[in-house]
Amino acid sequence: MFGFRGTLLRVNLTTGEIKKEPLNLELAKKYIGGRGLGTKIYYDEVGPNVDAFDEKNKLIVMTGPLSGTQTPTGGRYMVITKSPLTGTIACSNSGGFFGAELKNAGYDGIIVEGKAEKPVYLSIEDDKVEIKDATHLWGKVVSETTDELKKVSPEKSRIMCIGPAGEKLSKIAAIINDYDRAAGRSGVGAVMGSKNLKAIVAKGTTKVDIYDKDGLKASLQDKMKKIKDNGVTGQGLPTYGTAVLVNIINENGVFPTNNFQEAYFEKADNISGETMTDKYLVRKNPCYACPIACGRWVKIEALNMEAGGPEYETLWAFGSDCGVDDIQSIFLANHYCNEYGLDTISAGATIAAAMELYQKGLVKDDELDGLSLKFGDKDAMVEWTKKMGKREGFGDKLAEGSYRLCEMYGVPELSMSVKKQELPAYDPRAIQGHGLQYATSNRGGCHVRGYMISPEILGLPEKLDRHTLEGKAEWVKVFQDLTAAIDSLGLCLFTSFALGAADYAEMLNLVCGFNLTSDELLEAGDRIYNLERMFNLDAGIKPEEDTLPKRLLEDAIPEGPSKGHVHRLSELLPKYYEVRGWDENGIPTKEKLEALGLKNI
Amino acid sequence: MKVRVKLFATLRNGRDKDKVYELNEKTKIKDVIEMLNIDRGDVKILLINGQDADFETELNDGDIVAIFPPVGGG
């Protein structure tokens, strides 16, 4: 078999049984792999009605057909499960090296079932797969866990694991691989914790078979040239990392500040990519087979150490969203998220929401063990991050995420979230298409389900007026579909700044021996999007939840370059449903599902 | 008239990142870019007071101009 390894691992932690099953190639062709195929398998085997922490929930770790190949950024894996945060389907995507290594070990994915009696980890060394005791690792942070496992595993093993946050079932817990790469969102780390699964170690010695090696070689030269010649992937991201966005988003007046109470942060340059690069960057920290290398390695002064640096979203969440302009404090918060295994977006945004609760007098000092919860208090922010990771004191409430936190104080509307998942670093009140994307993302508040910032702010592939509604529903649909396809292939979304659907189809065909057109690739993306939608509807997520926090719909941005704008969702949503082939209530029509080959759903 | 010009990312190399210039009336953004010796091909995004602009946009007293090369992330 080409591209795919042809084998799925099925590991039952209740019984200890480990099986190797053949991959269904016909299904793989229809759903590509990764996100798509994982969701299809999850839907068929588990369905929408299981509780996230129920033993019957499964955790599916999937690679794509291009993972582990030399295609640019082909190192990604995804984790598909029911989200404890949102109740939707979760699919969290990560880079680093783990995904490629799993593929080298001979597997397209792992289906983890059941729950171990005591903490365990899964050890994969080519054919040799074992469930091993992890009692001694329980309670350890990510770096300690990874170091310990490296000592007892084959050289150059790759490790993904949870930290204390996942063990303690924090609804915003991440899975961390290779020390500082995260399958971050939707609480997938807590599902792993609920199964008493501390880590998965992978080591492989065989490579993916390529259908047309010479053809692929020529094709990759072309793709690499496109990536190098593109200003974003060839220069902006390599030089500054994703942090390059801080200033441009702020200059547009859409940089959420103090829990989205404002949208312009006076001191943004202090936490910008330019500042990080000039003062603290040690080196780049690239993922597998990546010519872009946006990952950062920075100096953390307070700990006198070097570690993975923050992404743009993290600089925002712990920066302007908490009113903090000290970049070193953000480095620390980011580091503790990696150590405790927390999603940096949700963690920072939850602290920001807590700060607003405190500002409004809803959280009182007597709950806080003497620690401040004021916007702008950088040291307190770092402490709260640790307490959240440990569920210590008020940190226990923070670990539930901002929606449940705000609900405890009777004001869920102060949680800047969609479907209970925290929104990322772009104020949609003055980016209309991006707001529609937030409202309709299948995993709740998220920027990487259809990155409309690209056309609406960055001018790629063409510049759209961010305030207008015309054509936005159509753009959102195409972006969502293409994104679902890229995720499923096992590539990083950042390639899409330079590559288009035809490039992806070409690489897939050369690797796998398929003959998919770019339209068929997009149709597969559409199929995946609709499958996820059907899952969510069946899981009881109502279309009324395709919305934004009240603040963003009703209160205009108070100051700055985007002053006066609100999001006009009600004018966009009907058109979006229509473009998607859904009825006026947001339910996919029978005809639409049939056309996508989803009639049995 | 006075216009504040902010430069970002690689455009800062060898230039002031944030400076107020005294300019003649009817100056356009392209004139500022030329004055700062910036290659047009290196410019991707132009903002005046946070709103999209282009090379031909005329500047007014008190304007804030932001000039970016191609950038992206997420």
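Just so you know, these numbers use all the heavy atoms, side chains as well, and skip hydrogens, waters and symmetry mates. Chain letters run A, B, ... following the sequence lines, proteins first, then strands; residues in each count from 1.
- A:E251 touches chain B through backbone and side chain together, each having a heavy atom under 4.5 Å away.
- When all heavy atoms of B:K44 and A:L458 are compared, the pair lying nearest together is CE-O, 3.5 Å.
- Atom CG of B:D61 is surrounded by more than 12 heavy atoms from other residues, nucleotides or ligands within 6.0 Å.
- With a threshold of 4.5 angstrom between heavy atoms, B:F68 approaches chain A through side-chain atoms but not through N, CA, C or O.
- In this structure, A:Y240 contributes its side chain and B:A9 its backbone to a donor-acceptor pair below 3.5 Å.
- B:I45 approaches A:I248 most closely through the heavy-atom pair CD1-CD1, 3.2 Å.
- Interface remark: A:I457 contributes backbone atoms only to the contact with chain B (heavy atom separation under 4.5 Å).
- Contacts of A:N230 with chain B are absent, with no heavy-atom separation under 4.5 Å from either backbone or side chain.
- With a 4.5 Å cut-off on non-hydrogen atoms, B:D52 touches chain A through its side chain but not through its backbone.
- For B:R12 and A:D269, the salt-bridge test passes: some basic side-chain N is under 4.0 Å from an acidic carboxylate O.
- A donor-acceptor distance shorter than 3.5 angstrom exists from the side chain of B:Q51 to the backbone of A:P561, with no hydrogens or angles considered.
- Residue A:K267 places its NZ atom among 12 or fewer non-hydrogen atoms of other residues, nucleotides or ligands, all under 6.0 Å distant.
- In this structure, B:E58 places its CD atom where more than 12 heavy-atom neighbours from other residues, nucleotides or ligands lie under 6.0 Å away.
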For this session: Report the C-alpha distance between A:D278 and B:K17 in whole Å, list the side-chain angles of each, state the deciding distance to 0.1 Å, and finish with yes or no for salt bridge (Lys or Arg N to Asp or Glu O under 4.0 Å).
Result: CA-CA 13 Å; A:D278 291 349; B:K17 66 177 182 183; over 6 Å; no
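- Within the model, atoms CG of A:N247 and CG of B:L7 stand 11.0 Å from one another, a figure rounded to the nearest 0.5 Å.
- Between the CZ atom in B:F8 and the CG atom in A:L245 there is a gap of 12.5 Å [rounded to 0.5 Å].
- The CG atom of B:N49 sits 13.0 Å away from the NZ atom of A:K563 when rounded to the nearest 0.5 Å.
- With B:V71 as the partner, the side chain to side chain contact (heavy atoms under 4.5 Å, CB included) test is satisfied by one option alone out of A:T242, A:V232, A:V244: A:V244.
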